[in-house]
A.B. asks: 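The structure is given below, and queries will be raised subsequently.
Letters A, B, ... are given to chains in the order of the sequence lines, protein chains preceding strands, and every chain is numbered from 1.
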Number of protein chains: 2
Amino acid sequence: MSNRPVTLRDIAKKVGVHTSTVSRVLNPDAGAKVSREVALKVTRAAEELGYSLNPFARSLKTNQSFTIGVLIPDLTDPLFPPIMRGIEDTLSEAGYTAILANSDNDPDHERKGLETMRARKVDGLILATAQRKDRLVARCVADRIPLVLVNREVEDHSVPAVVNDDIGGMRMVTEHVISLGHRRIGHISGPQTLSTGMNRLNGYLAAMRAHGLPERHADMVEAAPLTDAAAQAAAEALLASDPDLTAIVTANDMLALGAYDALEARGLSCPDDVSVTGFNDIPFADKFKPPITTVRIQKFEMGAEAARLVLRMIKGENVGGLSMLLRPTLVVRGSTAPPRR
Amino acid sequence: MSNRPVTLRDIAKKVGVHTSTVSRVLNPDAGAKVSREVALKVTRAAEELGYSLNPFARSLKTNQSFTIGVLIPDLTDPLFPPIMRGIEDTLSEAGYTAILANSDNDPDHERKGLETMRARKVDGLILATAQRKDRLVARCVADRIPLVLVNREVEDHSVPAVVNDDIGGMRMVTEHVISLGHRRIGHISGPQTLSTGMNRLNGYLAAMRAHGLPERHADMVEAAPLTDAAAQAAAEALLASDPDLTAIVTANDMLALGAYDALEARGLSCPDDVSVTGFNDIPFADKFKPPITTVRIQKFEMGAEAARLVLRMIKGENVGGLSMLLRPTLVVRGSTAPPRR
DNA sequence: CGCCCTAACGCAAACGATTGCAATCTTGCC
DNA sequence: GGCAAGATTGCAATCGTTTGCGTTAGGGCG
């Protein structure tokens, strides 16, 4: 028994037909006509010989890799694993495979990641790293690579994207806080270079306006990197400049944790002294003390839809300008309560 | 300007040499001799034309994919993203790419994942899913695929693995609890079908024995699935059967959180009434209330070393029986304190 | 019974690289 | 100056599939 893998030729020889016929039997989708009997004999022989397609040969010929590149900021950020699972689960069902790269929010890394993906000739791209203005994204569309954005999108909506209703979500949670009786409400925002950061800020503003509450500049601080440390600093600035604050709504759960730290450092308690909210509903959001009131976004579904979308683009479907907005839901937990005063 | 990608032939034509020469210039590692001048002209032409290697053609010829399959239980489990990053970061430096599959602890999924990886002709495999006796692992070694285990290993140590010193780690944290003065210490273990579950249990037992403490059967319960819910049930069983327990050491942080829930349900406080410890030091372990005293394992490094190891195997190095044991460290936080009585 | 059409299959040329071997050219040395 | 050794480079086969086109055979129809 030789160890040489079984090829189309082996099957052809065994059955007594030409390799092209075997190929046609094994790829019925191509729409080639083969007689019932031959098809049966071929499939049987393939089975017996334990044939398995050589993907390199196929790809060389068809110029398809059945591979999708996925670029995310950092797999270690709890937001992305669920998205990634959504992507991979639906890709694999379609016979596609994801290859992953982390950008670490570094343009060089990002560029390098994209580079290797293109070198590997991915059939499409899913990016979770988009800035509102993004040169790399622009280059990809210019190069006509099937591309969809996930979670974040670009300013001009020129690229298909699957995102949450960040404005609506933030408006919802802000109004929850307002409805509890809060009037002086601060916001720790994410970077305004990201659609999420901007939209969530706008959602906050919309809610404030809608209820006739003043928008004070001092009540909005940006957490430059989306870390708990940055958020802690931001929360401290907020509390210093406006000691009457009774609530802080933040642009994501990690920032909420940073706010917790700031409150603790000041000897304030949440939610008794100050209510805090997050966004995303990351795993464990319900396990912290207090459990975070937050906005649940559809992480797995976001990934799954992005994958479906890119697959449709690959099939040649024209999905121009199609963006999907997933509806988030409010999750009220222990970090919000009516204000004391 | 045609859109047809640049090939070796294009370069050859431009420079006036044969494609084989171009190939040799572009693959210097192969050790072929090419004159300085030709090499220079070729590289320059390649640059000018914007050549990029067609990986399909190369792979077809060399039968290498520069791809490693990684199989993990669930990316959503906070233990794995850091491991994954370790793997990917070091693979990509070597020009390799990881393709990921989740088993969801389901043998069918696992088998299917392995199947697609083999269909894609990965050059090697990294498995984080190994049971102590694992048929799939056995099949892989039988098929002589370069393979390394990570985090968990097989019983007979027949496969190279990169794991933590689970016994030592658990012994360490148990002794920490003992040194605080605890005598009645329960253990919530992981599944004994996994090396981690068994080793950690043994570490606990070793510590108890070493200090002349009785090993009571009632003080050991297995959390069948490694979830907080299962752990909560386990902790309740523990507390019910042995109300004098003053400490519970668990096999991982998620189980510790389950123990928290059980204590809270009983109106007991941690660490005042019962001390609790975890294992792994997952992200946020310091953010819970109380922050979890736990054993920090080297997650990123574990992944990185596993990647390095599989690469060495691919290069043909004989690493027979080489396993790496990474040293964990004790991280004392707020969930442990001296017993009241 | 002849002709045309279609179904089924074979033929062979790709896809783009790698690589053992042959051919050529230098160079050194006697 | 001739020859051998060594350094470069060319030649051509090959990896395993896919696919446009040609060929064959059979069937329907006039």
Side-chain angles (χ1 to χ4, degrees), chain A residues 2-46 49-67 95 118-121 123, chain B residues 2-46 49-67 95 118-121 123:
Chain A
S2 130
N3 249 351
R4 191 177 55 75
V6 182
T7 74
L8 283 191
R9 192 160 16 244
D10 298 322
I11 302 179
K13 198 179 304 174
K14 171 154 184 172
V15 176
V17 296
H18 194 261
T19 62
S20 57
T21 307
V22 179
S23 170
R24 283 188 266 256
V25 172
L26 266 25
N27 298 41
D29 334 307
K33 299 289 187 182
V34 192
S35 74
R36 271 258 169 281
E37 359 172 28
V38 172
L40 206 72
K41 290 208 286 188
V42 166
T43 50
R44 189 164 305 163
L49 294 177
Y51 170 76
S52 80
L53 170 67
N54 183 317
F56 309 139
R58 185 211 280 267
S59 288
L60 175 58
K61 193 65 181 144
T62 64
N63 215 31
Q64 281 193 289
S65 62
F66 293 93
T67 278
R118 306 183 58 148
R120 295 224 168 225
K121 297 201 172 276
D123 295 335
Chain B
S2 128
N3 249 351
R4 189 177 55 76
V6 182
T7 75
L8 282 192
R9 195 167 5 252
D10 298 323
I11 302 179
K13 198 178 304 172
K14 171 154 186 174
V15 177
V17 296
H18 194 262
T19 62
S20 56
T21 307
V22 179
S23 170
R24 283 189 266 257
V25 172
L26 267 24
N27 298 42
D29 334 309
K33 298 288 186 179
V34 192
S35 74
R36 272 256 170 284
E37 359 173 29
V38 173
L40 205 73
K41 290 208 288 190
V42 167
T43 50
R44 190 164 304 163
L49 294 176
Y51 171 75
S52 80
L53 171 66
N54 183 316
F56 310 140
R58 183 210 281 267
S59 288
L60 174 58
K61 190 65 179 139
T62 65
N63 217 31
Q64 279 192 290
S65 61
F66 292 92
T67 279
R118 306 184 58 148
R120 295 226 170 224
K121 297 203 174 273
D123 295 335

A.B. asks: What is the minimum heavy-atom distance between A/D123 and A/N63, and which atoms define it?
C.D. replies: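 It is OD1-O, 4.5 Å.
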
A.B. asks: Have A/T67 and B/R120 got a donor and an acceptor in their side chains that come within less than 3.5 Å?
C.D. replies: yes

A.B. asks: Judged by atom type as modelled, is there a donor-acceptor pair below 3.5 Å linking the side chain of B/S23 to the main-chain atoms of B/T19?
C.D. replies: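 No, because the side chain of B/S23 does not come within donor-acceptor range (under 3.5 Å) of the backbone of B/T19.
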
A.B. asks: Mark yes or no for whether A/N27, through its side chain, and A/D29, through its backbone, hold a donor-acceptor pair below 3.5 Å.
C.D. replies: no

A.B. asks: So B/V17 and B/K41, side chain to side chain contact (heavy atoms under 4.5 Å, CB included) or not? Walk me through it.
C.D. replies: CA-CA 10 Å; B/V17 296; B/K41 290 208 288 190; over 6 Å; no

A.B. asks: Please report the distance, rounded to the nearest Å, between NZ in A/K33 and C1' in D/dA25.
C.D. replies: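 Value for this atom pair: 17 Å.
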
A.B. asks: Check the distance between C/dC9's C1' and A/R36's CZ and give it to me in whole angstrom.
C.D. replies: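 Distance, rounded to whole Å: 17 Å.
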
A.B. asks: In B/S/- notation, 5' to 3', how is nucleotides 16-28 of chain C contacted by protein heavy atoms closer than 4.0 Å?
C.D. replies: BBBBB--------

A.B. asks: Given atom CG of A/N63 and atom C1' of D/dT19, what is their separation to the nearest angstrom?
C.D. replies: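 Whole-Å distance recorded here is 15 Å.
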
